[in-house]
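The figures here come from the full heavy-atom set of this structure, side chains too, leaving out hydrogens, waters and symmetry mates.
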Amino acid sequence: GFNDYSRAFEMPGPWFAEQGVTFYAYDQRGFGEAPAHGKWAGTDTLVRDLRTVTSLLRAQHPGVPLYIVGTSMGGAVALGAAAEQDLAADGLILAAPAVWGWSTMNPLYRSTLWLAAHTAPGYTLMGEGLERWPSDNIEMLRAFSRDPLVIKETRIENIYGLVDLMATAYLSIEQVKMPVLLLYGDKDEIVPRAPVEEIKSRFTSSLTLKDYPDGWHMLLRDLQREIVWQDIAEWIGSARSIPHAD
């Protein structure tokens, strides 16, 4: 997720290991302990990094089904990577994917962001005062806010880059040919429902939908997280019989 890093998966990782599923997580470039902390690496670089990691994992575990889990911004990266047909994965799991790109953004927001990114790209913003909650797991959110590797002050150019990435993901939907599991929480205050609803009809590959009435944005870390984990595990078990689209 944007400004987050691989620690986002420290809760589901051990649970999936108990189910016999090996779970890898890495810090995307510019986040966590990856190079250029706090700087935007660019859509092409983030997508290329995911493709590289996927190829390395495929080589390390030949013959083992491989699925990509992307949450929020990570979902946008996954969609961008999957649009290229040679991605070495068997399916995508998208949890509240960030698909709120230029075409779905309020024109005032769009023009304001463009102006700010081109006049003061290094200016930083903080999320204080937005009154938006990403999860109902308060204990986790407190630890999240204290974590020094979580980016608290975001450069304008990073936000601009994020929107550009989301636009790429939004436009990549029809090119995705592998099975997709799409997860969304009805209480999500970060990624709007409208663009997520709109993309559902545009997938040409097999699509499985899971909506959670009590789910927030951080679905894999919310209080009802184990329900989400179980749904993912069940889908992984059934997805092996789902053919890729032609």
Side-chain angles (χ1 to χ4, degrees), residues 1-10 24-57 68-84 87 92 94-105 109-130 132 134-135 140-141 143-172 190-192 195 217-218 220-221:
F2 189 61
N3 290 343
D4 205 350
Y5 69 109
S6 57
R7 188 180 178 184
F9 297 101
E10 69 174 354
Y24 288 88
Y26 70 96
D27 293 352
Q28 297 195 79
R29 204 177 301 230
F31 303 96
E33 295 184 295
H37 181 85
K39 300 293 184 64
W40 184 252
T43 295
D44 291 344
T45 298
L46 295 173
V47 168
R48 185 170 60 248
D49 285 348
L50 174 57
R51 292 174 59 81
T52 298
V53 169
T54 304
S55 295
L56 291 172
L57 289 176
I68 296 173
V69 181
T71 68
S72 195
M73 187 193 87
V77 175
L79 284 168
E84 301 177 34
L87 180 65
L92 299 183
L94 308 174
V99 288
W100 191 26
W102 298 113
S103 62
T104 59
M105 183 177 287
Y109 292 168
R110 186 166 61 232
S111 59
T112 300
L113 178 56
W114 186 93
L115 180 63
H118 288 80
T119 57
Y123 187 79
T124 60
L125 299 174
M126 299 183 69
E128 296 178 353
L130 293 180
R132 292 180 180 271
S135 176
M140 178 274 297
L141 290 177
F144 182 84
S145 67
R146 294 191 298 265
D147 190 331
L149 290 179
V150 172
I151 297 173
K152 313 298 192 306
E153 298 185 18
T154 305
R155 295 166 61 92
I156 290 288
E157 63 182 354
N158 289 21
I159 299 174
Y160 186 89
L162 172 64
V163 177
D164 207 42
L165 167 64
M166 293 192 295
T168 296
Y170 182 83
L171 296 173
S172 299
I190 307 301
V191 173
H217 184 64
M218 293 179 169
L220 275 67
R221 288 176 279 181

Check [X] against [Y] and note the closest heavy-atom contact, atom names and distance.
| X | Y | value |
| --- | --- | --- |
| Trp40 | Leu46 | CH2-CD1, 3.7 Å |
| Val191 | Ala98 | CG2-CA, 4.3 Å |
| Pro97 | Gly75 | CB-CA, 4.3 Å |
| Leu141 | Pro134 | CD2-CG, 3.6 Å |
| Gly80 | Ser172 | CA-OG, 4.1 Å |
| Ala81 | Leu50 | CB-CD2, 3.8 Å |

Inset, instruction - State, yes or no, whether a side-chain contact exists between Leu149 and Arg7 at a heavy-atom distance under 4.5 Å. - result: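 Sidechains of Arg7 and Leu149: no contact.
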
Inset, instruction - Compare all side-chain heavy atoms of Leu92 with those of Val69 and state whether any distance is below 4.5 angstrom. - result: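 Side chain of Leu92 against side chain of Val69, heavy atoms only: no contact under 4.5 Å found.
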
Could you give the distance from [atom1] ([X]) to [atom2] ([Y]), rounded to the nearest 0.5 Å?
| X | Y | atom1 | atom2 | value |
| --- | --- | --- | --- | --- |
| Asp49 | Arg29 | CG | CZ | 4.0 Å |
| Asp27 | His37 | CG | NE2 | 9.5 Å |
| Met166 | Thr43 | CE | OG1 | 10.0 Å |
| Lys39 | Ile151 | NZ | CD1 | 11.0 Å |
| Phe2 | Phe31 | CZ | CZ | 5.5 Å |
| Tyr26 | Leu56 | OH | CG | 10.5 Å |

Legend entry - salt bridge (charged side-chain N to carboxylate O under 4.0 Å, His left out): pairs with one or both residues in residues 70-82, sequence neighbours excluded: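 Output for this query is empty, none listed.
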
Inset, instruction - Answer yes if the side chains of Tyr5 and Asp147 hold a donor-acceptor pair under 3.5 Å, and no otherwise. - result: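 Result is yes, a qualifying pair exists.
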
When you measure from the side chain of [X] to the backbone N and O of [Y], does any donor-acceptor pair fall under 3.5 Å?
| X | Y | result |
| --- | --- | --- |
| Asn158 | Gly38 | yes |
| His217 | Ala96 | no |
| Asn3 | Val150 | no |

Inset, instruction - Kindly check if the number of other-residue, nucleotide or ligand heavy atoms within 6.0 Å of CD (Glu84) is above 12? - result: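 Atom CD in Glu84 is crowded, with more than 12 foreign heavy atoms closer than 6.0 Å.
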
Legend entry - Audit row: Met218, Ile190, side chain to side chain contact (heavy atoms under 4.5 Å, CB included) steps and yes/no: CA-CA 9 Å; Met218 293 179 169; Ile190 307 301; over 6 Å; no

Legend entry - Verdict with supporting geometry, Asp4 and Arg221, salt bridge (Lys or Arg N to Asp or Glu O under 4.0 Å): CA-CA 13 Å; Asp4 205 350; Arg221 288 176 279 181; 2.7 Å; yes

